[in-house]
Amino acid sequence: MSGGASNFVESVDSVFLLSIIISVFFLVLITVMMIYFVIKYSRKRNPKAVNVHSNMMLEVTWTIIPMILVLILFWYGWVGYKEMADIPEDAMTVEVTAQMWQWQFKYETGKVADSLFVPVNKAVKLALTSNDVNHAFFVPAFRIKKDIFPGRDRAVWFIANDIEVYDIFCAEYCGLNHSAMLAKVVVMSAADFEIWLNAGNDIKPDYKAELNDNDKAETELFESENQN
Amino acid sequence: MASDAEVIGTNRHEPSYLDYKGKHSGIKGWLLSTDHKRIGILYMIGILTFFFVGVFLGFLMRLELIAPGETIVSAETYNQLFTLHGVIMIFLFIIPGIPAIFGNFFLPILIGAKDVAFPRLNLFSWYLYLTGGTLALLSIVLPGGPADTGWTFYIPYSVRTGTNVILPLSAAFVLGFSSLLTGLNFITTVHRLRAPGMTWFKMPLSVWSFYATAWVQVLATPIIAITLMLVAIERLLHIGIFDPALGGDPVLYQHLFWIYSHPAVYIMIIPAMGIVSEIIPVFTHRTIFGYKFIAFSSIAIALFGSLVWAHHMFTAGMSDAGQFIFSLLTMIVAIPSAIKVFNWVATLYKGSIDLAAPMLYVLAFIFLFSIGGLTGVMQGVISINIQFHDTAFIVGHFHYVMFGGTGFAMFAAFHYWMPKMFGRMYNRKLAKIAFWFVFIGFNFLYFPMLVMGWLGMPRRYYDYLPQFHPYHLISTIGSWILITGLIIMFYNLFKALRSGPVVTEKNMWGGETLEWQIDTPPIHENFTEIPVIEERPYMYKDNDPPVEKEETV
Ligand code: HEM
Ligand SMILES: [Cu+2]
Ligand SMILES: [Cu+2]
């Protein structure tokens, strides 16, 4: 394991962690203050209230501090986004076509597959198009997602870090079987990938052997769903 | 309490608005009444009916999702369920919600007016509301069935699907006009009908919030109306506007849709904030902290909120400059909301706090809205937005804001104002019991969605992979707890209407705004004599120690 499933995981997750820490801090602060005041100044304990109208110092403090924090968050989010937006020139390209309700992956060699096979540790660019309505290509483990519109060229890229199998979801509602529009990313060693790529179209790769039983059942589940 | 009630006190010889006999009587006296209070109640009947329908649909969806695979309905039905649920909850429940019920009933009273500026237009808006609601429900019985596009009607799917898309579109169109006319009415009312002496900074904070909301309603609604018309035209006449197959642009549709629908989020939440600002001083029995900051933050939210629509489209692609600006503005728009939350919490300080039902709902509002707001900030951070977008995280987030925020504020308002509106009191103990069911159920229902969203569970999914099962299961159980609470709550309120103890006390909570100085229930034109306002609301003078000088702004 090297900093998550893809090259983006580390930076996305660290911003996520920061935002969680800030959020939990404020939520706890607000909640604890509320509970404390409600107990301390309950009508029983404190029958006569005192008017406090406003306090400029406080107002400024609780405007400035959150402002600084959201600007910091914004900045890290922006940096992370730029990283995703700049696709390296030497990336290997796979053409991804979405249509109701399946995915198709086409390689530079002309090979076509219904799962995304990629070599580990290599930049992969996905050129995304749709044949019908809007879809979105989503691999949660890689922290990548991109909306796909018919008639537009979109692209995402990533570097997979581990030899593993991950879920692909369609994340933009596309009608009846939107929830069954699933596929897998299969990350292979460079050598295995080379063999697979040159093995011709008709040979269905035996990637399932790599999966444990649990994953296998799951894979079959969505494949059978995909057929209707 | 009610120290100067006598100033504009009325003698109990005039009948209340409920018993008032105008030109018409019986049911006609309601359906043709231009009294803002009766119209408020007409809205209440409509809005609550749709709310119950929406909740029932939500219940069915959660039941379907209790386990992977088909449970109770087919995929097609499920898709129609969430669309209908979304359309009803957004356009028929939460957008009209607080302004149409409580704005209509209380806005004129709070500024010392006898009615809104255009009473007939007001009644007309209610009929538009009713028409829109009927159109939305009509699709259930027509061939083709209800739309299955989601409440966002994204093109091209909404042009392709065989279901009845035109009906909800025209429903939203008509409802848009209803909302727009209400907004227009409120703006004029606030400008023209304030009682003598009620300057802008003497207005109650809920009036500020109704006013800010009304501007958003008037300015943003035409855009959605036109956009939805264009979709209908595209579907009917096959003119290429948004559908790429016809030479249109689907992303243009998303821009136009969110230019309205993001500000619509503020149409939903600002009135709720007004309610909270109204209730807290009453149940702490002290002046509100930072009146001006709360008032101006409403305006700031309305202004900035109109400029952040494209944060719904970070994964849809924009120029880098666009991504940068929309993310930045989104983060900044969180600040005025944060300011409000801090001022509300500060108002508890040194108060004399009575944890009656309205206050419980308000405190829950602050907690749930904070979660909604903070998860909103998280989504404004572009790199993590990419992960959250269109997942259960978003579903959790907007239920926290709209339901935990606006919904809970509305529940607070019911418990706060109902005795005033109907002169009947509910069972206070039962109200608190219901509260705990609703509050706990709510968190069980929606918190798991935040977690599974981060783990990659997409939204609008009829079926899901087994790794998400535990979260879905907890969520569904949460929906049962929540709905149990809702049933207890509305049972209690409805029972009070029929047989609750009668209230004639003018000021049952010790409030200092004008509605607490008139009869319970109010008389036909609210005031026998228009009051003259000399002071800011929520002064609670009797709390001030006689010698000590108070801090001021
Ligand atoms: C007991 C109450 C409720 C339950 C059980 C419930 C449940 C749900 C569920 C399961 C979804 C589908 C999520 C998905 O797309 O994966 C949903 C969507 C939605 N809900 Fe609720 N909900 C409830 C109340 C509300 C309320 C009070 C509001 C508004 C204030 C609301 C507004 C929405 C909206 C706008 C959607 C999105 C529909 C779409 O995707 O087109 N819901 N709700
Ligand atoms: Cu889809
Ligand atoms: Cu928005």
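Residue numbers start from 1 in every chain, and the chains themselves are labelled A, B, ... in the order their sequence lines are given, proteins ahead of strands.
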Item to check | Options A:P140, A:S23, A:A49, ranked by heavy-atom pairs under 4.5 Å with chain B, top entry | outcome: A:A49

Next on the checklist: What verdict does the side chain to side chain contact (heavy atoms under 4.5 Å, CB included) test give for B:V377 and A:V70, after you've listed the backbone C-alpha separation in whole Å, the side-chain angles of each residue and the deciding distance to 0.1 Å?
Outcome noted: CA-CA 8 Å; B:V377 168; A:V70 297; 4.1 Å; yes

Checklist entry - Based on non-hydrogen pairs under 4.5 Å, which of B:P281, B:A245, B:P244 is most in contact with chain A? => result B:P244

Checklist outcome for this item: The interface call for A:L18 against chain B, heavy-atom contacts under 4.5 Å, is neither

Checklist entry - Is it the backbone or the side chain of B:Q254 that comes under 4.5 Å from a heavy atom of chain A, or both, or neither? => result side chain

Checklist entry - Taking all non-hydrogen atoms of both residues, which atom of A:Y173 and which atom of B:Y157 are closest, and how far apart? => result CE2-CE2, 3.9 Å

Item to check | chain B contact via A:F16 - which portion, at a heavy-atom distance below 4.5 Å | outcome: both

Checklist outcome for this item: Of B:K350, B:R460, B:E76, B:R286, the largest count of non-hydrogen pairs under 4.5 angstrom with chain A goes to B:K350

Next on the checklist: Taking side chain as everything from C-beta outward and backbone as N, CA, C, O, which of these in B:T149 sits under 4.5 Å from a heavy atom of chain A? Side chain, backbone, both or neither.
Outcome noted: backbone

Next on the checklist: Which atoms of A:M34 are under 4.5 Å from chain B, going by heavy atoms: the side chain, the backbone, both sets, or neither?
Outcome noted: both

Item to check | Top of B:I382, B:V159, B:V341 for chain A proximity - count of heavy-atom pairs under 4.5 angstrom | outcome: B:I382

Checklist entry - Is A:K145 salt-bridged to B:D390, going by a charged N under 4.0 Å from an acidic O? => result no

Checklist entry - Under a 4.5 Å heavy-atom cutoff, which of A:C174, A:G80, A:G175 has the most pairs with chain B? => result A:G175

Item to check | Aromatic plane relationship, A:F137 with A:F105 - under 30° parallel, 30 to 60° tilted, over 60° perpendicular | outcome: perpendicular

Checklist entry - Does any heavy atom of chain A fall under 4.5 Å from the side chain of B:I335, the backbone, both, or neither of them? => result side chain

Checklist entry - Highest number of heavy-atom pairs under 4.5 Å with chain B: which of A:P66, A:G151, A:A171, A:S11? => result A:A171

Item to check | Minimum heavy-atom distance between A:S130 and A:H135, given as atom pair plus value | outcome: OG-CD2, 3.6 Å

Checklist outcome for this item: Applying a strict 4.5 Å limit to non-hydrogen atoms, the region of B:L455 in contact with chain A is backbone

Checklist entry - Which region of B:F369, side chain (C-beta onward) or backbone (N, CA, C, O), has a non-hydrogen atom less than 4.5 Å from a non-hydrogen atom of chain A, or is it both or neither? => result neither

Checklist entry - Using non-hydrogen atoms only, which part of B:L355 is less than 4.5 Å away from chain A: side chain, backbone, both, or neither? => result side chain

Next on the checklist: So B:E512 and B:Y538, do their side chains get closer than 4.5 Å, heavy atoms only?
Outcome noted: no

Item to check | Proximity breakdown for A:K82 and chain B, heavy-atom pairs closer than 4.5 Å | outcome: side chain

Checklist entry - So which of B:Y349, B:Y540, B:F388 has the biggest tally of heavy-atom pairs under 4.5 Å with chain A? => result B:Y349

Next on the checklist: For the residue pair A:E59 / B:N343, report whether a side-chain donor-acceptor contact shorter than 3.5 Å exists.
Outcome noted: yes

Checklist outcome for this item: Counting heavy-atom pairs under 4.5 angstrom with chain B, the leader among A:N134, A:T63, A:T31, A:V156 is A:N134

Item to check | Residue pair A:M84 / A:R143: nearest heavy atoms and the distance that separates them | outcome: CE-O, 3.8 Å

Next on the checklist: With chain A as the partner, which of B:F367, B:Y462, B:W454 has the greatest number of non-hydrogen pairs under 4.5 Å?
Outcome noted: B:W454

Next on the checklist: Do B:D148 and B:T163 pair up side chain to side chain, a donor and an acceptor below 3.5 Å, judged on atom types alone?
Outcome noted: yes

Next on the checklist: Determine whether the aromatic ring centres of residues B:Y464 and B:F468 are separated by less than 6.0 angstrom.
Outcome noted: no

Checklist entry - For A:V52 and B:T287, which heavy atoms make the closest approach, and how far apart are they? => result O-CG2, 3.9 Å

Item to check | Option in A:D132, A:N46, A:I144 with maximal non-hydrogen atom pairs under 4.5 Å from chain B | outcome: A:N46

Checklist entry - Checking A:L71 against chain B: side chain, backbone, both or neither under 4.5 Å from a heavy atom? => result side chain

Item to check | Ring centres under 6.0 angstrom apart (B:F296, B:F201) | outcome: yes

Checklist entry - Does any heavy atom of chain A fall under 4.5 Å from the side chain of B:V345, the backbone, both, or neither of them? => result both

Checklist entry - Taking atom types as modelled, is there a side-chain donor on A:D147 or B:Y154 under 3.5 Å from an acceptor on the other? => result no

Checklist entry - Below 6.0 angstrom between ring centroids: does that apply to B:F365 and B:W344? => result yes

Next on the checklist: Just so I understand: if I count every heavy-atom pair under 4.5 Å between each of B:D354, B:T347, B:T375 and chain A, which residue has the most?
Outcome noted: B:D354

